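One structure is given below, encoded as structure tokens.
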Amino acid sequence: MTLADLKPGQSARIEAIDTSTAAVVRLMVLGLVEGVDVRFQHAAIGGDPLEVSVYGSSISIRKEQARQFRIAESPDGG
Amino acid sequence: MGEHGEFGFPASQIGIRRRARSSIAVIGNPNSGKSTLFNRLTGLRQTTGNYPGVTVEKHVGVADLGTSAVELIDLPGIYCLSGESADEQIAVDVLLGRVPDMPAPAGLLVVVDSTHMYQGLYLLEQLLELRLPTMVALTMSDVALAAGLSVDLPALQARLGGIPVCEVSATSGHGMEELRQALASLSSTAPPAYPQSWPELSRGAEILSGRTGGGLARIDVIQGLLHPGSDPDRVLCDALGEEAVRSSRDELFGSAPPQAVEARTRYRWVQGVLAQAQFHTPLLARMNARLVRWINRPWPATLGFFAVMVLMFQAVFSWATPLMDVIDVAASGLGQWVTLRFGDGVASSFVADGVIAGVGSVIVFLPQILILFLFIIVLEDSGYLARAAFLMDRLMRSVGLSGQSVIPMLSSFACAVPAIMATRVIPDRRDRIATILAAPFMTCSARLPIYALLIAAFVPNQAVGWFNLQGLVLFGLYLLGIAGGLVTARLLKSSALKGPKPQFMLALPEFRWPNLQTVAIKLMDRARIFLKRAGTVIFAVAVVVWALAYFPRLDAPALPAERAPVAAAQASAPAADQQAANQLAQSWLGRAGRSLEPLFTPLGWDWRVASAVIAGFPAREVVVAVMGTIYAVGSNADEASLASRLRAATWPDGRLIFTLPMALGMMVFYALCLQCAATVATIRRETNSWRWPLFAWTYMTVVAYLAALMVYQLGTFLVP
């Protein structure tokens, strides 16, 4: 499961990241790293880009990059 | 000052570094409340300039600390020291002392948003590698408290190696006194110890720095290691050899990209610090929070965005009218007074028709421009522009750009010059140039005068369904500009500026009430720039146009008919006006316009319109002033009478010049044409070549001419 598969309002923990593209590395600099809990807030019209939040900060991310973040759903998500 | 201030890069790369008085850099994440704090500390004792060679605005101010004062420099917000965009690069260059003529800062005031400490502390840890005296201002403490967040200051300070940390609220002023005291003693504070988030990197870099004999500071080594292929990397390889750099990199980062490893390592440490030093008291989901969440859902957010845009344009027109009337009456009254008091000699005509009518007809638009800028500044300061970028990303992707191009394009509705400067946040050069060339198509405030004049004069003021026809025409012109910009971007991105798909990632700040002081300072800055422009460029153009229309003088009041083609057409006009028209017809401006008339006849323009349009090339807003002069030399150039004069103007054979198709064509011409020397100059500076500004000017002029031709010919054909 990846960050792109979450439903609005769901939370998850990032487990592994494919760092082969520069765009993903730049998202990591914004704090999307392994072991952190993220929450998918909502998408723009058309389902892309997505708004996710980490430690209370919202970050806009395109689906293409969201697929590079593998997640495990948190027990309290939903 | 840290040792890298003395050494850093080889002199050839540093440029001239004079040991001028050095200042304290104010640095932090975007939207961290950095500028609000800066404004709070410096008040009106600040200046806005440019960094050498680039148009990134440089904000320097002096903070009064009671017994002493210190110079502060407000840097663009960053998340890390990579410098992806031009904006971020300048912040990094200033911090590392790589800007010519600017000494490295003597200390750092790191601004960390209490509600976003996660990213703030990450940047802080990178900044501690600079070994400059550093202190932290935890801003938005009141917002954090309201959100149920509190900080254990002593615990946080201990994890940060004991550097001063002050909790402040720049809005309420809470904690400012402690901050000022800490700032006063900052330069005598010892540089910080190793940051604790990644001791292996700090120690490794320190060792390598030692091996260069102090030639490269620790931060220079770190920058080189973290950014393979960059300039700092090359400098590092020159100093230590590629083999040594590669083995250090393998040891520290393994096979992953260095920055990814840095993010993993330092953020893990930040998470630990937050777990220990920040407390979150879950508050009941307040009405407010729920409302914000609902507003941000896809459809409400998108509809809300369009509502905000409609409100903005509505406000520009309806709120400004009373103020504009006051300025208009004052300007024409002043002109009349001058004519009555000093007669109608050269000097009096110069003052009344040239200076007052010319500059006055432009200053009239100050209220509209300020309202437009007020909206843009408030949208920016409240964090809404980033939201707009998020909502419009998909649309922009269809023309090969990303949501990041939306922010400059929205600012372009006010003025293309700051909008083009705002493109410096776009990391990819091709995307940036495509945005720069699309921005001048957006209907800027300087186009409003000509639209307002022609729409009021030639579009019937009647209802069409729920809407007003005049309003619809204006809306159509805005849409035309947007379409022109998007099509241009699309064409460029699929030809000359073809490149990889632009990425889009952006921190989305939450809505915040804009800070009044920040808004006021920015607005005053804009008013100053506009008035300066009216007082210099527009003044000069108005004077030149006046002179071209005034000289050479007619010798005799009575003229042979063939030397005055206008005379026959305006036989009913009073004698004084007729003489003025004859004078104009044989003036330099009239002669130029008449010789170019054949070029513009297909658009339905006579020599007078042609002269006005030509005079408007340096700055399009003077066109109304010039038409005012051309159509009203010898009488008052107030707008209502100008409109009626335009309606009455005829060709020598008696046909009306200003028909609806001609007026529409002329507005279309203005929507698409690049009549603005300031924009051309800004494109030149931002792209660092003449190629793009020349291309933009030629392309937009040709497109504007062809579009106006099509509208006029088609319109005349359909409505004979």
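Source: prediction; values computed, not measured. Below, chains carry the letters A, B, ... as their sequence lines are ordered, and counting in each starts from 1.
- Nearest heavy-atom pair across A/Gly56 and B/His116 is O-CE1, 3.2 Å.
- Among the candidates B/Trp299, B/Tyr267, B/Tyr79, B/Tyr122, the residue making the largest number of heavy-atom pairs closer than 4.5 Å to chain A is B/Tyr267.
- Residue-level contacts of residues 45-55 of chain A with chain B, in order of numbering, are A/Ile45, A/Gly46, A/Asp48, A/Pro49, A/Leu50, A/Glu51, A/Val54, A/Tyr55; threshold 4.5 Å between heavy atoms.
- In this structure, the portions of B/Ser402 lying under 4.5 Å from any heavy atom of chain A include both its backbone and its side chain.
- Contact annotation for B/Gln271: both backbone and side-chain heavy atoms come within less than 4.5 Å of a heavy atom of chain A.
- When all heavy atoms of B/Pro298 and A/Ala43 are compared, the closest pair comes out as CG-O, 3.0 Å.
- For chain A, the nearby parts of B/Phe390 are the backbone and the side chain; heavy atoms of each come within less than 4.5 Å.
- Neither the backbone nor the side chain of B/Ala301 comes within contact range of chain A; no heavy atom of the residue lies under 4.5 Å from a heavy atom of that chain.
- Of the atoms belonging to B/Pro509, not a single heavy atom falls under 4.5 Å from chain A.
- For B/Glu510, the part lying near chain A is the side chain, with the backbone staying farther off; criterion is any non-hydrogen pair under 4.5 Å.
- Listed options B/Arg297, B/Arg397, B/Met392 were ranked by heavy-atom pairs under 4.5 angstrom with chain A; first place goes to B/Arg397.
- Rounding to the nearest 0.5 Å gives a distance of 11.5 Å between CE of B/Met117 and OG of A/Ser57.
- Heavy atoms closer than 4.5 Å to chain A are found nowhere in B/Leu123, neither backbone nor side chain.
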Below 3.5 Å, can you tabulate the donor-acceptor pairs from side chains in residues 19-32 of chain A to any protein atom, sequence neighbours excluded?
| from | atom 1 | to | atom 2 | distance (Å) |
| --- | --- | --- | --- | --- |
| A/Ser20 | OG | A/Asp18 | OD1 | 2.8 |
| A/Ser20 | OG | A/Asp18 | OD2 | 3.4 |

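- A 4.5 Å side-chain heavy-atom check between A/Val33 and B/Arg268 finds every atom pair outside the cut-off.
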